[in-house]
A.B. asks: 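My questions all concern the structure below.
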Amino acid sequence: MRIYDFYFAPNPRKLRVYLAEKGLSIPIVQVDLTKGETRTPEFLTKNPMGSLPVLELDDGSCLTESLAIIEYFEELHPEPPMIGTDPMERARVRELERLAEMSVFNRIARVFFNTSPVFAGSQQIPEAAEQALAGLPNALRILDERVGDHTFVAGERPTIADCTLYAAFEHAKLANVELDPSCGNLMRWYENFQTRPSSKA
Ligand SMILES: N[C@@H](CCC(=O)N[C@@H](CS)C(=O)NCC(=O)O)C(=O)O
């Protein structure tokens, strides 16, 4: 089993943070997407979408989509639980994880894609970055209220929602996106999460 990863990319980071929180160590292969290494015929046989991360299993089959990979590991290793422990808690964790990805992570990723010199060779649309950025403050405010005074995004223990939000906030640095400092709950959460060993994964 191995994971194809690119250190600076947010979806691979989400997976690495999750694995570190679970205490799972899986061999990692770096694939530099800035050098076109995800577009080689060999890599495209592993993931025709040409994206990272990819989990290659011992039989050579591959799983793509970071969340599907995370759910696969969660089923193999239920402890410590990172998607809740009863139906309602599991639904809440997934709800917050989706909120973090759809409304925050994806906006930051869109800003990065449409403005960074890394993707200068792709069809960048500055208006798409502006549109993504315009919706970010409201998304952050909503999430800030949901986090409230909890230690973690979905309560008092780390979940997959923390992994997604942490990867998004780290990516915001690369994308030159300023996170609204008035979102005090999120700022406190971010500062706390950075003290966890998983944040260095
Ligand atoms: N929905 C996919 C998104 C994967 C994705 O977009 N990965 C980015 C890195 S964060 C990538 O590989 N981009 C390069 C490309 O698509 O060419 C997932 O969650 O795994």
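Remember, it's 1-based here, ligands and their atoms both numbered in the order they're listed. Keep in mind the model is a prediction, meaning the values are calculated, not measured.
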A.B. asks: Are the aromatic rings of F112 and H171 close, with centres under 6.0 Å apart?
C.D. replies: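 Between F112 and H171, the centre distance is under 6.0 Å.
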A.B. asks: List the residues meeting ring-ring contact (aromatic ring centres under 6.0 Å, His included) with F169, not counting sequence neighbours, and say none if there are none.
C.D. replies: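 Partners of F169 under the ring-ring contact (aromatic ring centres under 6.0 Å, His included) test: W189, Y190.
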A.B. asks: Give me the one residue out of K22, R90, R94 that meets salt bridge (charged side-chain N to carboxylate O under 4.0 Å, His left out) with E74.
C.D. replies: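 Considering K22, R90, R94, a salt bridge (charged side-chain N to carboxylate O under 4.0 Å, His left out) with E74 is found only for K22.
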A.B. asks: Any donor-acceptor pair under 3.5 Å linking the side-chain atoms of E101 with those of T164?
C.D. replies: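 E101 and T164 do not have a side-chain donor-acceptor pair below 3.5 Å.
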A.B. asks: For the residue pair Y4 and F43, categorise the inter-ring angle as parallel (less than 30°), tilted (30 to 60°) or perpendicular (more than 60°).
C.D. replies: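 Ring orientation, 0 to 90° scale: perpendicular.
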A.B. asks: Would the distance check show the side chain of S103 and the main-chain N or O of L99 forming a donor-acceptor pair, the cut-off being under 3.5 Å?
C.D. replies: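 Checked: pair present.
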A.B. asks: Compile the protein residues with any heavy atom at a distance under 4.0 Å from an atom of ligand 1; present them by chain, then by number.
C.D. replies: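 Residues within 4.0 Å of ligand 1: A9, P10, N11, P12, L33, R39, G50, S51, L52, P53, E65, S66.
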